[in-house]
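For reference, the structure discussed in these notes is given below.
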Amino acid sequence: MANYFNQNTLVYLNGHFVKAADAKMDFFSQSLHYGYSVFEGIRSYKTVDGTTKIFKPVEHYNRLEQSATTINMPYHWKTDELIQITDELLAMNQLGDAYIRPVVYAPANMTFSVNTESFLIIQAWEMSPFLGEKLLRVRTSSFQRPNPGAFHLQAKAAGHYVNSILASQEAKANGFDEALLLDMQGNVAEAPGANIFIEKNGKLFTPPAGHILPGITRATVLELARAMDIPVEETHFVVQDIYEADAAFYCGTAAEVIGFESLDNHSLNLRWEDSESRKIQQAYKKLVINQPIEVNEMQ
Ligand code: PMP
């Protein structure tokens, strides 16, 4: 199993920086027993001028607050305060390119009642792209995304990720790199931990909000596509559309932008290098490290 800290690593735990090795939580927490917690996945990057910058920290910490309040967890932190704490945590742990994981969790409570308090831990570690850097061999999952009538899917709640884990494990057990989940109507939804875009005749398509976690990277890709004059549409599509697509990619904070080699062993029509999607991938890589995106890439 991976090792996320060493003897010197610090975490931020309920108002204090403490050694990760000494951090404790209550094993009677409602979060551990029922998956009732919310979290974020944020990245920082060493930028071209040598400084470390958290990418879209306001968006991430605002979503953490939204996630908590959406599922009735008390939340008393301020976004700007948490950004400052995270900057300090990165500096203390001498991290540049890092993955940052805040978790808001519940106190001891074996009932299903609302709590009067919540707790917060912020952890950070170095992490390479979540799905690797090679084009992905993706498999359509037998697991659907959860019914949005059963969960607040727009909240990044821990319990939702049992669905993600099942789907991803199934894909890997069948020799693939990652799963693709459909929604309960049979439309394409998303990856276990990332959003999807497909490309056809120079145009990008991504599923609309509703059955997905509409990611911050997805929003960034939409912004980049518009700035680069690549047409893009939020609309439903099905697996057959991906079999016939020119390119496809997953995007998320942890995964960044990563192309498909195939879906269910159907190759994409274009070589990744020849796609508009590849241009988006390159622009994203530059954006996160504050490297200017050249004018010809913007056309
Ligand atoms: N969908 C799911 C289910 C996810 O877990 C993630 C990762 N947070 C995403 C999409 C992408 O979201 P973001 O770009 O905000 O990281």
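Computed from a predicted structure; not experimentally measured. Order of listing sets the numbers, starting from 1, for every ligand and every atom in it.
- A perpendicular orientation is assigned to the rings of His236 and His211, their planes being inclined by more than 60° (bins at 30° and 60°).
- Within the 4.0 Å heavy-atom shell around ligand 1 one finds Arg63.
- At a heavy-atom distance under 4.0 Å, no atom of Ala254 approaches ligand 1.
- Enclosure of atom CD in Glu59 by more than 12 non-hydrogen atoms of other residues, nucleotides or ligands within 6.0 angstrom is indicated.
- Considering both main-chain and side-chain atoms, Ile216 comes within under 3.5 Å of ligand 1 through a nitrogen or oxygen pair.
- Checked by distance only, ligand 1 and Lys156 come closer than 3.5 Å through their nitrogen or oxygen atoms.
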- Message: If you apply the rule side chain to side chain contact (heavy atoms under 4.5 Å, CB included), what do you find for Ile242 with Leu180, and how did you get there?
- Response: CA-CA 11 Å; Ile242 308 183; Leu180 170 70; 3.8 Å; yes
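- Judged by the 6.0 Å and 45° rule, Arg137 forms a cation-pi pair with Phe176.
- Counting only heavy atoms of the protein, atom 12 (O) of ligand 1 lies nearest to Gly215 CA, 3.3 Å.
- An N or O contact shorter than 3.5 Å is missing between His60 and ligand 1 by distance.
- Between Phe260 and Tyr250, the ring planes are perpendicular. Angles over 60° get that label, and only those under 30° would be called parallel.
- The shortest N or O to N or O distance between Glu190 and ligand 1 is under 3.5 Å.
- At under 3.5 Å, not a single nitrogen or oxygen of Arg218, backbone or side chain, sits near a nitrogen or oxygen of ligand 1.
- Here the rule is salt bridge (charged side-chain N to carboxylate O under 4.0 Å, His left out) with Glu40, and of Arg101, Lys56, Arg63 only Arg63 fits it.
- Within the 4.0 Å heavy-atom cutoff, Gly41 does not count among the residues contacting ligand 1.
- For atom 11 (C) of ligand 1, the nearest non-hydrogen atom of the protein is Asn195 OD1, 3.7 Å.
- Closest protein heavy atom to atom 5 (O) of ligand 1: Tyr161 OH, 2.4 Å.
- The structure places CG of Asn174 at 10.5 Å from CG of Asp264, a figure rounded to the nearest 0.5 Å.
- Heavy atoms of Pro192 come nearer than 4.0 angstrom to ligand 1 in at least one pair.
- Atom OH of Tyr4 has 12 or fewer neighbouring heavy atoms from other residues, nucleotides or ligands inside a 6.0 Å radius.
- The single protein non-hydrogen atom nearest to atom 6 (C) of ligand 1 is Gly193 O, 3.3 Å, given as residue, atom name and distance.
- Using the six-membered ring where Trp is involved, Phe197 and Phe249 have ring planes that are parallel, under 30° apart on the 30 and 60° scheme.
- Aromatic ring centres of Phe112 and Tyr34 lie closer together than 6.0 Å.
- Of the protein's heavy atoms, Thr217 OG1, 2.6 Å lies nearest to atom 14 (O) of ligand 1.
- Near Thr253, meaning under 4.0 Å from any of its heavy atoms, are these atoms of ligand 1: 13 (P), 14 (O), 15 (O), 16 (O).
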